[in-house]
Amino acid sequence: MALLPLLTFIILYLLVSIISGDFYKVPITVAFLISSVVAIATLRGYTIPQRVKIFSRGASSENMMLMIWIFMLAGAFAASANAMGSIDNTVNLALSLLPSQMLLPGVFLAACFISISVGTSVGTVVALVPIATGLAEETGVGVAMMTGAVVGGAFFGDNLSFISDTTVVATQTQGCRMSDKFRANLAIVIPAAILIFLLYLVIGSEVGNVPEVSNVDYIKVLPYLAVLILAACGMNVMAVLVIGILLTGVIGIGGGTYDFFGWMESMSNGLMNVAELIIVTMLAGGMLETVRVNGGIDMIIKRITRHVNSRKGAEAAIALLVTVVDFCTANNTVAIITVGPIARDISEQFHVYPRRAASILDTFSCFAQGIIPYGAQLLMAAGLAYISPMEIIPCLYYPFAIGIIATLYILLTGEKKKIEKQTV
């Protein structure tokens with residue numbers, strides 16, 4: 001019963017969409033609305049006002065509100081930048097600098113670089129998806145393919161960066177140094193990144209010659225250039241977007257593209273474009289909070305950990321726990337916080353090195369977060385690209401690659417823990 005709301009969403013949105021062959025058949029907002037009603041109805045031991053209060057607590061949590069702020073600022077920036085010609089000119093600049101065969105791998109590398117610099121996958125998605133979408137339209141590469149390359153690269157840095165919240169939480173809960181976890185992670189992410197880069201090279205070789213580009217108005221490139229550079233320097237994503245919005249206003253009004261009221265109208269249009277994302281984010285947050293309060297996550301943890309009886313089994317249990325909990329919370333940081341203390345107890349009992357436990361926690365949480373259609377990253381990417389999240393999932397090569405390689409990492413490698421205590 002605790003997991004019934006999540007199962008309701010999966011059946012309504014995923015299963016029905018797959019059977020019908022149309023991922024627009026069931027609106028994701030309606031699927032979450034029905035699942036949320038089920039969540040409130042199945043919350044045991046509380047009055048209806050108390051159930052609504054619990055649901056509202058999850059819908060308005062700190063993480064949810066931060067996501068909503070980013071969604072609103074990203075929508076306003078994308079719409080105002082598009083209205084003043086920033087996206088078109090940035091796309092033309094990229095087309096003039098890169099050969100057609102390098103556009104797809106180039107987008108992936110750019111996402112990897114920005115994400116490892118800024119330490120957030122959402123910030124990388126916000127910065128690059130509009131440009132990737134424009135490149136896809138100009139070159140004939142599928143929008144979902146280009147968007148998938150950005151999302152994949154975004155999770156590269158989310159998993160590896162020293163300033164990523166997942167890295168910080170994983171190392172703190174397991175009691176290991178970031179540098180140790182970083183080295184352990186390299187064995188997983190570097191082979192995956194190289195493999196996917198080569199795959200994009202092969203796919204990119206099939207792209208025809210790019211069309212001739214018109215003259216680039218470099219001043220209109222400045223808002224996106226500023227966003228990319230500031231994001232790569234590690235500035236807070238909300239501050240980056242505010243600066244980007246101000247630049248679109250100054251350049252757009254100064255250049256006569258629109259007046260002050262036109263600028264305001266473009267931002268308003270951008271806010272309306274992300275309204276569905278905001279509704280989905282709040283409904284998902286509330287629904288998943290009721291699953292937690294109703295004991296769904298605790299039940300999952302108990303069921304998985306009771307069968308552990310070896311070191312590899314312990315590592316597999318940690319991987320499975322954080323994956324399932326991420327499916328239930330749609331937030332990889334929250335999933336690590338939830339599973340982290342249990343993972344440390346398992347590691348100590350079965351002599352798993354803290355660096356391996358931290359690496360497994362972070363990697364599998366990013367794998368899970370990268371493939372769920374109701375996660376913030378895919379919702380944001382789909383909203384900016386104007387496609388369904390389900391269209392992007394088949395093109396998410398990197399998240400699936402790290403999931404497969406991390407599984408092989410557990411099965412085929414191992415470290416026998418020394419008797420003496422490891423320095424942390």
Side-chain angles (χ1 to χ4, degrees), residues 115-116 119 155-195 297 300-326 329 331-370 398-424:
S115 62
I116 200 169
F155 278 106
F156 174 86
D158 198 355
N159 178 219
L160 204 59
S161 174
F162 277 73
I163 59 173
S164 167
D165 50 1
T166 59
T167 293
V168 172
V169 173
T171 53
Q172 289 300 309
T173 58
Q174 300 312 297
C176 69
R177 291 188 295 257
M178 287 190 181
S179 57
D180 289 340
K181 181 260 185 188
F182 179 82
R183 285 192 293 270
N185 254 44
L186 288 179
I188 299 171
V189 300
I190 293 303
I194 292 173
L195 179 66
I297 293 176
I300 290 168
I301 290 172
K302 289 177 182 177
R303 291 287 179 89
I304 292 174
T305 54
R306 68 182 180 182
H307 297 296
V308 177
N309 53 25
S310 67
R311 185 183 293 114
K312 288 190 183 298
E315 294 180 351
I318 293 170
L320 185 57
L321 273 174
V322 76
T323 299
V324 174
V325 172
D326 190 274
T329 59
N331 187 304
N332 46 349
T333 304
V334 172
I336 295 173
I337 291 172
T338 303
V339 175
I342 297 101
R344 186 163 186 172
D345 290 341
I346 294 172
S347 298
E348 290 175 354
Q349 182 178 351
F350 292 95
H351 309 295
V352 177
Y353 266 121
R355 58 174 174 256
R356 279 179 69 91
S359 178
I360 290 168
L361 274 174
D362 200 349
T363 302
F364 277 93
S365 72
C366 286
F367 155 69
Q369 187 70 15
Y398 181 78
F400 282 108
I402 61 171
I404 293 169
I405 292 176
T407 302
L408 295 175
Y409 175 76
I410 292 173
L411 295 176
L412 303 179
T413 69
E415 294 178 283
K416 190 169 182 179
K417 196 170 184 180
K418 296 178 182 179
I419 299 299
E420 64 268 22
K421 187 177 180 181
Q422 185 191 23
T423 304
V424 297

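Heads up: numbering here begins at 1 and tracks the sequence. Since the structure is predicted, the reported quantities are computational estimates derived from the model, not experimental observations.
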Out of curiosity, Ile410 CD1 to Lys312 NZ, how far, rounded to the nearest 0.5 Å?
-> 8.5 Å
Under the side chain to side chain contact (heavy atoms under 4.5 Å, CB included) rule, what do Asn185 and Asn159 come out as? Steps first, then yes or no, please.
-> CA-CA 8 Å; Asn185 254 44; Asn159 178 219; 2.9 Å; yes
Partner set under ring pair (Phe, Tyr, Trp, His ring centres under 6.0 Å) for Phe400, not counting sequence neighbours = none
List the atom of Ala401, the atom of Ala192, and the distance in Å for their closest heavy-atom pair.
-> CB-CB, 4.1 Å
Ala193 meets the side chain to side chain contact (heavy atoms under 4.5 Å, CB included) criterion, sequence neighbours left out, with Phe156, Tyr398
Is Leu321 close to Phe364 at the side-chain level, that is, under 4.5 Å between some pair of heavy atoms?
-> no
Rounded to the nearest 0.5 Å, what's the gap from CG on Leu361 to SG on Cys366? Could you check?
-> 11.0 Å
Ile404: side chain to side chain contact (heavy atoms under 4.5 Å, CB included) partners, not counting sequence neighbours | Leu408
With sequence neighbours excluded, tell me which residues meet salt bridge (Lys or Arg N to Asp or Glu O under 4.0 Å) with Asp362.
-> Lys181
What distance separates Ile190 CD1 from Leu160 CG, expressed to the nearest 0.5 Å?
-> 6.5 Å
Taking atom NE2 of His351 and atom CZ of Arg356, what is their separation to the nearest 0.5 Å?
-> 15.0 Å
Working to the nearest 0.5 Å, report the span between CD of Gln369 and CG of Asn331.
-> 6.0 Å
Salt bridge (Lys or Arg N to Asp or Glu O under 4.0 Å) partners of Arg183, counting only residues at least two apart = Asp180
So, for Ile188 and Pro191, which heavy atoms are closest and what is the spacing to 0.1 Å?
-> O-CD, 3.4 Å
So, the side chain of Ser161 versus the backbone of Asp158: is there a donor-acceptor pair under 3.5 Å, distance only?
-> no
Side chains of Tyr409 and Thr363: closer than 4.5 Å at any heavy-atom pair?
-> no
Do Gln174 side-chain atoms and Arg355 backbone N/O form a donor-acceptor pair below 3.5 Å?
-> no
Considering all heavy atoms, the nearest Ser347-Ile318 contact = OG-CD1, 3.6 Å
Minimum side-chain heavy-atom gap Val352-Ile360 below 4.5 Å | no
Answer yes when Glu315 and Arg311 have at least one side-chain N-carboxylate O distance shorter than 4.0 Å, and no when they do not.
-> no
Where do Ala317 and Val308 come nearest, in terms of heavy atoms and distance?
-> CB-CG2, 3.4 Å
How about Val322 and Asn332: do any of their side-chain heavy atoms sit closer than 4.5 Å?
-> no
Closest non-hydrogen contact found for Ala314 with Ile346 is CB-CG2, 3.4 Å
How close do Met178 and Val168 get, heavy atom to heavy atom, and via which atoms?
-> CE-CG2, 3.5 Å
Straight-line distance of Ile337 CD1 to Thr166 OG1, nearest 0.5 Å = 10.5 Å
Hits for side chain to side chain contact (heavy atoms under 4.5 Å, CB included) against Ile300, two or more places apart or cross-chain, chain-then-number order -> Leu3, Ile304, Val324, Cys328
